[in-house]
Amino acid sequence: MKIKRTKDRISYFEGEKELAYVLFPKIDDHTVVIQSTYVDPILRGQGIASLLLEEAYTIIKDSHCKAILECSYAKHYFQKNEDKQDIILSCPYTSVG
């Protein structure tokens, strides 16, 4: 297992093959959009998506940005993890932001 981080993507690799990712590009200096989370079907149900979103949360928070949630899994993740909602700028299920 290898996690690769770039400025707007966190990827999970086994060998040379990317099997999961979360994509969160910046739309301005202080805002990112968590656009999508993908996990290959062979890894689903193992907590990989949560692991990647925890990493994304840390990167977004450390860069002093806020996040808009477009990804349905990210919405679910942040709904379950209220302690991480401090980075949310726009969220349809809560008054945060």
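Positions are given from 1 along the sequence. Values in this document were obtained by computation on a predicted structure and should not be read as measured data.
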Between [atom1] of [X] and [atom2] of [Y], what distance do you get to the nearest 0.5 Å?
| X | Y | atom1 | atom2 | result |
| --- | --- | --- | --- | --- |
| Thr58 | Ile87 | OG1 | CD1 | 9.0 Å |
| Lys17 | Tyr12 | NZ | OH | 12.5 Å |
| Glu14 | Asp40 | CD | CG | 9.0 Å |
| Thr6 | Leu23 | OG1 | CG | 8.5 Å |
| Cys65 | Asp28 | SG | CG | 7.5 Å |
| Leu69 | Lys75 | CG | NZ | 7.0 Å |

Q. Are Tyr21 and Ile34 joined in one hydrophobic group, where the rule is that I, L, V, M, F, W and Y side chains link up if heavy atoms are under 4.5 Å apart?
A.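 No; Ile34 is not reachable from Tyr21 via cluster members.
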
Looking only at heavy atoms, what is the nearest atom pair of [X] and [Y], with distance?
| X | Y | value |
| --- | --- | --- |
| Ser50 | Tyr73 | OG-OH, 2.9 Å |
| Asp8 | Pro25 | CB-CA, 3.6 Å |
| Ala56 | Ile10 | N-CD1, 3.1 Å |
| Phe13 | Lys4 | CE1-CB, 3.9 Å |
| Lys7 | Phe24 | O-CE1, 3.6 Å |
| Lys66 | Asp86 | NZ-O, 2.5 Å |

[X] versus [Y]: any side-chain heavy-atom pair under 4.5 Å?
| X | Y | answer |
| --- | --- | --- |
| Tyr57 | Asn81 | no |
| Ile59 | Val32 | no |
| Leu19 | Ile48 | no |
| Leu53 | Lys84 | no |

(Q) Regarding Ser11 and Tyr38, do their side chains bring together a donor and an acceptor under 3.5 Å, going by distance alone? (A)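 There is no such pair between these side chains.
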
Q: List for me each residue that meets salt bridge (charged side-chain N to carboxylate O under 4.0 Å, His left out) alongside Lys26, sequence neighbours excluded, and say none if there are none.
A: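 By the salt bridge (charged side-chain N to carboxylate O under 4.0 Å, His left out) rule, Lys26 matches no residue at all.
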
Q.
Keeping Gln85 on the side-chain end and Phe78 on the backbone end, is there a donor-acceptor pair under 3.5 Å?
A.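 It does hold such a pair.
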
Q) Do any N or O atoms from the side chain of Thr31 and from the backbone of Ile27 form a donor-acceptor pair under 3.5 angstrom? A)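 Side chain of Thr31 to backbone of Ile27, a donor-acceptor pair under 3.5 Å: no, none is there.
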
Q: Kindly state each residue pair satisfying salt bridge (charged side-chain N to carboxylate O under 4.0 Å, His left out) with at least one member in residues 50-60, sequence neighbours excluded.
A: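 Applying salt bridge (charged side-chain N to carboxylate O under 4.0 Å, His left out) to every pair that reaches into residues 50-60, excluding sequence neighbours, yields Arg5-Glu55.
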
